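Report on the following structure.
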Amino acid sequence: MNPEIKQALLRVLPFVAVLLFMLLAIKRGKIKTNEIGLNKPNSWIQFLFWGLGFLLFAIVLEVLFYQLGILEIAPWKNGFFASIIRITGAVILAPIAEEIMFRGVLLHVLHKKINNLHSAIFLQAVLFVLLHNFAYENTVATNIGIVQALVDASLFGYARHYTKSLYTPMLMHALGNAVAVFERFIF
């Protein structure tokens, strides 16, 4: 197997594993879809507001960081098939898997245990940041990325809460990742 494709598959495999695990847990009744928000939003207007609002937020931040010279982007150097795998992982699989884990299961459990929405959202956002590999470097861009991921995860949590649907943060997360992928092609 082509090493580049193998590397791409290794990057997306954890998301596939999480999705399979979650689907199995849902099928066995260990996770209730209505409790984690796997249902349509209570308002499609709110769904679009959160999604498009986050897209605008992400674009404005990335352009601002680029203008300030603090946006560190490695140019896209993957072949066609590896690119398809990586883009699918980043824009589809990661948002679905991470939102089910963080804003679905984890936020539901934390909100029940802590009984404070803001604390539960903040805690799941901190855990979200800690599980992303960029959190362990110490550069200006990385530190900004940590804050940005914390803000994003918090916004995802509030979107999940106010729309009563996990599909809203999934959309937001997918749009944010799409911006991050797209900028690697243009900057």
Side-chain angles (χ1 to χ4, degrees), residues 4 7-8 10-15 17-18 49-78 82-83 85-111 113-114 116-162 166 168-187:
E4 188 180 52
Q7 175 93 11
L10 287 174
R11 297 274 306 198
V12 301
L13 190 60
F15 302 119
V18 166
F49 170 80
W50 280 98
L52 295 176
F54 185 76
L55 177 61
L56 181 63
F57 171 73
I59 291 170
V60 167
L61 270 184
E62 296 302 299
V63 169
L64 177 65
F65 292 156
Y66 179 74
Q67 294 294 322
L68 293 173
I70 54 177
L71 185 63
E72 293 178 5
I73 301 172
W76 197 269
K77 294 181 180 177
N78 297 297
S83 292
I85 294 167
R86 285 178 178 263
I87 291 169
T88 300
V91 178
I92 298 170
L93 298 174
I96 294 170
E98 290 180 351
E99 292 312 312
I100 290 172
M101 279 181 8
F102 288 96
R103 268 59 70 182
V105 175
L106 184 60
L107 184 57
H108 173 73
V109 168
L110 289 172
H111 193 202
K113 291 211 183 282
I114 299 172
N116 181 303
L117 174 66
H118 309 296
S119 296
I121 286 175
F122 180 74
L123 188 54
Q124 65 78 29
V126 168
L127 292 171
F128 179 79
V129 169
L130 290 174
L131 288 176
H132 282 76
N133 61 354
F134 65 80
Y136 305 106
E137 298 171 13
N138 190 21
T139 65
V140 172
T142 299
N143 292 333
I144 290 172
I146 290 169
V147 173
Q148 186 177 2
L150 186 70
V151 170
D152 291 354
S154 298
L155 289 172
F156 298 161
Y158 284 110
R160 155 69 178 94
H161 174 76
Y162 287 114
L166 203 51
T168 309
M170 283 179 186
L171 171 67
M172 295 165 65
H173 196 151
L175 291 171
N177 285 5
V179 168
V181 167
F182 182 71
E183 70 190 7
R184 292 188 65 190
F185 289 98
I186 62 169
F187 290 129

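Side-chain atoms are counted along with the backbone in the values below, which use heavy atoms only and exclude waters and symmetry mates. Just so it is clear, the structure is predicted and the values come from calculations on it, not from any experiment.
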Under the criterion side chain to side chain contact (heavy atoms under 4.5 Å, CB included), I'd like the reasoning laid out for W76 against R86: C-alpha separation, chi angles, the key distance, then a yes or no. CA-CA 11 Å; W76 197 269; R86 285 178 178 263; 4.0 Å; yes
Minimal non-hydrogen separation, [X] against [Y], with atom names:
X: R184; Y: A180; answer: CG-O, 3.4 Å
X: I92; Y: P95; answer: O-CD, 3.4 Å
X: N177; Y: A90; answer: ND2-O, 2.7 Å
X: T168; Y: W50; answer: CG2-CB, 3.5 Å
X: A82; Y: A8; answer: O-CB, 3.8 Å
X: R103; Y: P169; answer: CB-CG, 4.4 Å

Considering only heavy atoms from C-beta outward, does the side chain of [X] approach that of [Y] to under 4.5 Å?
X: E98; Y: L131; value: no
X: F122; Y: L150; value: yes
X: V12; Y: I85; value: yes

Short question: side chain of Q124, backbone of A153 - any donor-acceptor pair under 3.5 Å? yes
Could you measure the distance from the [atom1] atom of [X] to the [atom2] atom of [Y]? Nearest 0.5 Å is fine.
X: F156; Y: L166; atom1: CZ; atom2: CG; value: 11.5 Å
X: I96; Y: M101; atom1: CD1; atom2: CE; value: 13.5 Å
X: L106; Y: L123; atom1: CG; atom2: CG; value: 7.0 Å
X: L127; Y: L110; atom1: CG; atom2: CG; value: 7.0 Å
X: L175; Y: L56; atom1: CG; atom2: CG; value: 11.5 Å
X: Q67; Y: E62; atom1: CD; atom2: CD; value: 12.5 Å

Sorted by chain and residue number, the side chain to side chain contact (heavy atoms under 4.5 Å, CB included) partners of I59 (sequence neighbours excluded) come out as L55, V63, V179
Near F65 CZ, under 6.0 Å, is it more than 12 heavy atoms from other residues, nucleotides or ligands? yes
Parallel, tilted or perpendicular: rings of Y158 and Y162 (30°, 60°): parallel
Which residues pass the ring pair (Phe, Tyr, Trp, His ring centres under 6.0 Å) test with F128, not counting sequence neighbours? F102, H132, H173
